[in-house]
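Accompanying notes for the structure given below.
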Amino acid sequence: MNVGFIGLGNIGKPMAMNVVNAGHVTKVHDVSPKAATDLLEAGAVWAETPADAARGSDVVLGSLPGPLEVEAVVSGEQGVLDGAAAGAVYIDLATNSPSMVRKLHAVCAERGIEYIDAPVSKGSGGDSADRGVLTVMAGGDPETLEQVRPVLEAIADPDLIFHCGPVGAGATVKLCNNLVAHTTFSVVAEALTIGLKAGVELETLAAVMAVGSASSPKIGRYESVFDRDFDPAGFAFVRSDAKDVRLATELAREVDVPADIAAAVDQKYVAAVAAGIGHLGGSAIVQVQEERARVELRRGSGGVSGR
């Protein structure tokens, strides 16, 4: 297929590379041309604007930070709609607002362009994007999804491409998924600081929680915390995680669902961004809890550790 790919960040770039490696004729665009260097060497073609990426493409994929960026790329000046022809498909890979997804779907439909919201999630391996085995949560017309499946199979495990329902359903499932992930991570942080301050060695506490009834893949993410490695990697930035939780709580309000725990986690992320750590890797959110508990979850910490 002829493919346009817009957004070459930590997750977008490996996805675009897998599309190229799968043999699709691919045009790429990013606000930073340097991000495309490896892709151009692999055979991709540079597009000066989103419109250029869409021009002549059967499918355009966008891996963008959030709702405002998606709207600008799709319907803004020199956006996808300025270049795409009727019959093309836009695949929104972002963690987006369902209401924004439905709005852009309607705008695209007026021009004869299909819109699929298909946010992605990594699996148990941190290199899922590099290996092309992501999970896709798709919302939209099922026939259109089948039409673009060959492109999605370049970035995802074929068995993990889920049709979640009509337009907006993919974005909804992604927000629910991420809310559970970020909330669980915050609860684990509270448990670890409680146990550490109560006198239990950190390694012992984490080892038991990893195999006991509290077992969760989120325990494994704490290796970076214990080593104090908060460099951003893959999907994970505190600021982007904060955006995900905010969108989830906004969705809860839109559908009149109480979400007390989600609201509390949302405020924790607000505090983290306000503290100036939004640019760090997602696991750095624990620093908010550490500051409040006056302990540090550092490897080698044991019992009644204070700050």
Using 0.5 Å steps for rounding, measure from the [atom1] atom of [X] to the [atom2] atom of [Y].
| X | Y | atom1 | atom2 | value |
| --- | --- | --- | --- | --- |
| Leu39 | Lys27 | CG | NZ | 15.0 Å |
| Thr26 | Met1 | OG1 | CE | 11.5 Å |
| Leu93 | Ile11 | CG | CD1 | 9.0 Å |
| Leu134 | Met15 | CG | CE | 6.5 Å |
| Ser224 | Leu280 | OG | CG | 11.0 Å |
| Asn177 | Met137 | CG | CE | 5.5 Å |

ILVMFWY network linking [X] to [Y], side-chain heavy atoms under 4.5 angstrom:
| X | Y | result |
| --- | --- | --- |
| Val151 | Phe5 | yes |
| Phe162 | Val136 | no |
| Leu8 | Val73 | no |
| Ile116 | Leu64 | no |
| Leu104 | Leu145 | no |

Could you please spell out the steps behind the side-chain contact (heavy atoms from CB on, under 4.5 Å) verdict for Gln78 and Glu48? CA-CA 10 Å; Gln78 287 297 301; Glu48 287 293 335; over 6 Å; no

Val45: which other cluster members, linking ILVMFWY side chains closer than 4.5 Å, directly or transitively?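 Result for Val45 is none, singleton.
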
Between Leu175 and Ala248, which heavy-atom pair has the shortest distance, and what is it?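 Nearest heavy atoms, Leu175 then Ala248: O-CB, 4.0 Å.
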
Could you report the tightest heavy-atom contact between Ala85 and Ile113, atom names first, then the distance? O-CG1, 3.8 Å

Step-by-step side-chain contact (heavy atoms from CB on, under 4.5 Å) determination, Val286 to Phe230: CA-CA 10 Å; Val286 301; Phe230 298 126; 4.3 Å; yes

Quick one: which of Asp117, Val60, Thr144, Val148 gives a side-chain contact (heavy atoms from CB on, under 4.5 Å) with Ile91?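 With Ile91 as partner, side-chain contact (heavy atoms from CB on, under 4.5 Å) holds for just one option, Val148.
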
Taking the inter-plane angle between the rings of Tyr222 and Phe185 on a 0 to 90° scale, is it parallel (under 30°), tilted (30 to 60°) or perpendicular (over 60°)?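 Tyr222 and Phe185: parallel rings.
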
Is Glu290 salt-bridged to Arg228, going by a charged N under 4.0 Å from an acidic O? yes

For residues 244-256, which residue pairs qualify under side chain to side chain donor-acceptor pair (under 3.5 Å), counting only residues two or more places apart or in two chains?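 Only Asn178-Asp244, Arg246-Glu250 qualify under side chain to side chain donor-acceptor pair (under 3.5 Å).
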
Neighbour count above 12 (heavy atom, 6.0 Å) for Ile261 CD1: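 Incorrect, the count does not exceed 12.
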
Given side-chain contact (heavy atoms from CB on, under 4.5 Å), test Ser97 with Leu251 step by step and report yes or no. CA-CA 8 Å; Ser97 159; Leu251 178 60; over 6 Å; no

Determine whether Thr37 and Glu41 satisfy the following criterion, side-chain contact (heavy atoms from CB on, under 4.5 Å), listing intermediate values before the conclusion. CA-CA 6 Å; Thr37 300; Glu41 292 175 353; 3.9 Å; yes

